[in-house]
Amino acid sequence: MAPEIIGWSFMKDRRTGRPVGPLTPVYKEDWPFEMPPRDQRLWRYVDLWKFEALLQASALYFRRADKLSDVGEGRLSKEGVRGTLRSQIAFNAAYNIASQSHAIDLAAHEITRGCMFINCWNIAETERTKMWAEYTTSEKSIVMSTTLDRLLRVVSVNHLLVSRVKYVDEDTPRAEFSHTTPFFYKDTCFSFENELRLVRPLMSGEQVLTNDERDFGKLIHVDVSRLIDRIVMHKHMPAETRDLVGTLVKTHCPGAELLLSAVEPNRHKTS
């Protein structure tokens, strides 16, 4: 196997899973998936009410892709760029796949966006000022921290896809090895997030109602006491709110370290 080839792609029989055509190369530069080391520290910045909801439900919240604030979530590459990866060119040639209407493919993929649920963590060794500013709305906010190992131990990885996000510009094609692959790309303007992403596809037998707010997200059960090992409170959190956070941590994750932020976050517009 050539050094730049990391695997093989093929069409398979849906019943048996066996290949029904030639194997085509998957080149390393086209593969979007990457996992940090198991001891990598992860952070999730939230307003206090979201932290309380997590503790009360003992569940992580996964937002539906088409309801996230970034309208580019999970999008296909633009016309003229899509399908130009070496791996995709080799696959299409081997199976004599001709180009189809980009507009039709976009419409079909929009349905897929409504069937993917996403949970995000920041990959970093320490807390980040910009993340405080971007993902919390007041001084009544916290960042909860864990490690990749802890996270993978408390979620059902059999039903989830987990990887770093790959940041690309609009002229860089996004791989489509499966219908889930595009959800591990984001635009380079979001690269400060350095995101570890958990994607939970809609499972067989499940359904969502497009405009029903109850279907805008999913709760995935976790053992919070095993997940969270560190809670950092906003530097300017009011004293009475600090007391509340202390009580919450003592009740729901007593083994977690409780700290006050060491950074000076940008002041929020609201309090």
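Both backbone and side-chain heavy atoms feed into the values below; hydrogens, waters and symmetry mates do not. We're numbering straight along the sequence, starting at 1.
- Atom-to-atom distance recorded for Arg200:CZ and Leu219:CG is 11.0 Å, nearest 0.5 angstrom.
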Could you walk me through whether Phe183 and Leu161 pass side chain to side chain contact (heavy atoms under 4.5 Å, CB included), step by step? CA-CA 10 Å; Phe183 295 89; Leu161 303 168; over 6 Å; no

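- Atom NZ of Lys78 is surrounded by more than 12 heavy atoms from other residues, nucleotides or ligands within 6.0 Å.
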Kindly indicate, with the supporting measurements, whether the criterion salt bridge (Lys or Arg N to Asp or Glu O under 4.0 Å) is fulfilled by Glu193 and Lys130. CA-CA 9 Å; Glu193 295 174 337; Lys130 187 172 180 61; over 6 Å; no

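- Under a cut-off of 6.0 angstrom, the local environment of CZ in Arg153 is sparse, with at most 12 non-hydrogen atoms contributed by other residues, nucleotides or ligands.
- In the displayed structure, Glu213 atom CD is contacted under 6.0 Å by at most 12 heavy atoms of other residues, nucleotides or ligands.
- When the options Tyr45, Trp43, Tyr135 are evaluated for a side chain to side chain contact (heavy atoms under 4.5 Å, CB included) with Arg128, the one that passes is Tyr45.
- No cation-pi contact links Lys218 to Phe62, judged by a cut-off of 6.0 Å to the six-membered ring centre and 45° from its axis.
- Across every non-hydrogen atom of Arg82 and Asp105, the tightest pair is NH1-OD2, 2.7 Å.
- Looking at heavy atoms from C-beta onward, Tyr61 lies out of side-chain contact with Ile220 at the 4.5 angstrom threshold.
- Thr136 and Asp47 are not linked by any side-chain donor-acceptor pair at a separation below 3.5 angstrom, with hydrogens and angles left out of the test.
- If you take NZ on Lys67 and CZ on Phe117, they are separated by 11.0 Å, rounding to the nearest 0.5 Å.
- Connection of Phe184 to Val81 is not established within any shared hydrophobic cluster, with ILVMFWY side chains joined at heavy-atom distances below 4.5 Å, either directly or through further cluster members.
- Side chains of Ile89 and Leu85 form no contact here, defined as non-hydrogen atoms less than 4.5 Å apart.
- Applying the side chain to side chain donor-acceptor pair (under 3.5 Å) definition to pairs two or more places apart or across chains, those involving residues 245-261 are Glu127-Ser261.
- No donor-acceptor pair under 3.5 Å is formed between the side chain of Thr181 and the backbone N or O of Ala175.
- Rounding to the nearest 0.5 Å gives a distance of 8.0 Å between CG of Leu196 and CZ of Arg164.
- Using modelled atom types, no side-chain atom of Arg197 and backbone atom of Val162 make a donor-acceptor pair closer than 3.5 Å.
- In this structure, Trp121 and Leu60 have side chains that are in contact, with non-hydrogen atoms separated by less than 4.5 Å.
- Between Leu42 and Ser145, the shortest heavy-atom distance links the atoms O-OG, 2.9 Å.
- With hydrogens and angles disregarded, no donor-acceptor distance shorter than 3.5 Å links the side chain of Arg18 to the backbone of Asp13.
- Less than 6.0 angstrom separates the ring centroid of Trp31 from the ring centroid of Phe33.
- Taken together through direct or relayed side-chain contacts under 4.5 Å among Ile, Leu, Val, Met, Phe, Trp and Tyr, Val263 and Val143 form part of one hydrophobic cluster.
- Between His109 and Pro182 there is a side-chain heavy-atom pair separated by less than 4.5 Å.
- Between Arg174 and Lys166, every side-chain heavy-atom pair lies at or beyond the 4.5 Å cut-off.
- A heavy-atom distance below 4.5 Å is not found between the side chains of Ile142 and His234.
- A 4.5 Å side-chain heavy-atom check between Met11 and Phe91 finds at least one atom pair inside the cut-off.
- No donor-acceptor distance shorter than 3.5 angstrom exists from the side chain of Thr172 to the backbone of Val168, with no hydrogens or angles considered.
- Summarising the geometry, atom OG belonging to Ser9 is positioned 10.0 Å from atom NZ belonging to Lys12; distances are rounded to the nearest 0.5 Å.
- Pairing each heavy atom of Pro173 with each of Thr84, the nearest pair is CG-OG1, 3.4 Å.
- For the residue pair Arg230 / Thr146, no side-chain donor-acceptor distance below 3.5 Å is found, with atom types taken as modelled.
- Hydrophobic clustering, with ILVMFWY side chains joined whenever heavy atoms are under 4.5 angstrom apart, groups Leu202 together with Val155.
- With rounding to the nearest 0.5 Å, the separation of CG in Leu76 from CZ in Arg113 is 9.5 Å.
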Taking it one step at a time, do Thr24 and Trp8 satisfy side chain to side chain contact (heavy atoms under 4.5 Å, CB included)? CA-CA 5 Å; Thr24 65; Trp8 304 94; 5.7 Å; no

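- Leu244 and Met144 fall within the same hydrophobic cluster, defined by Ile, Leu, Val, Met, Phe, Trp and Tyr side-chain heavy atoms under 4.5 Å apart, directly or through other members.
- For the pair Arg150 and Asp229, the minimum side-chain heavy-atom distance is below 4.5 Å.
- The CD atom of Glu134 sits 11.5 Å away from the CG atom of Asn122 when rounded to the nearest 0.5 Å.
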Assess whether salt bridge (Lys or Arg N to Asp or Glu O under 4.0 Å) is satisfied between Lys235 and Glu139, documenting all intermediate values. CA-CA 8 Å; Lys235 189 170 186 177; Glu139 295 166 358; over 6 Å; no

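- Side chain of Glu206 to backbone of Met203: a donor-acceptor contact under 3.5 angstrom is found.
- Contact record, Pro32 with Tyr185: CB-OH, 3.4 Å, taken as the closest heavy-atom pair.
- Counting non-hydrogen atoms of other residues, nucleotides and ligands closer than 6.0 Å to CD of Glu240 gives a total above 12.
- Side-chain N/O atoms of Thr147 and Asp149 include no donor and acceptor closer than 3.5 Å.
- Note on Leu258 and Val46: same hydrophobic cluster, where clusters join Ile, Leu, Val, Met, Phe, Trp and Tyr whose side-chain heavy atoms are under 4.5 Å apart, directly or indirectly.
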Working note: Glu73 + Asp70, criterion side chain to side chain contact (heavy atoms under 4.5 Å, CB included); need CA distance, chi angles, decisive distance, verdict. CA-CA 6 Å; Glu73 284 287 355; Asp70 173 18; 3.9 Å; yes

List the steps, then state whether side chain to side chain contact (heavy atoms under 4.5 Å, CB included) holds for Leu248 with Glu52. CA-CA 8 Å; Leu248 291 171; Glu52 291 182 276; 3.6 Å; yes

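- Across every non-hydrogen atom of Met116 and Thr180, the tightest pair is CE-CG2, 3.5 Å.
- The two residues Leu148 and Pro37 have their closest heavy-atom pair at CD2-O, 3.6 Å.
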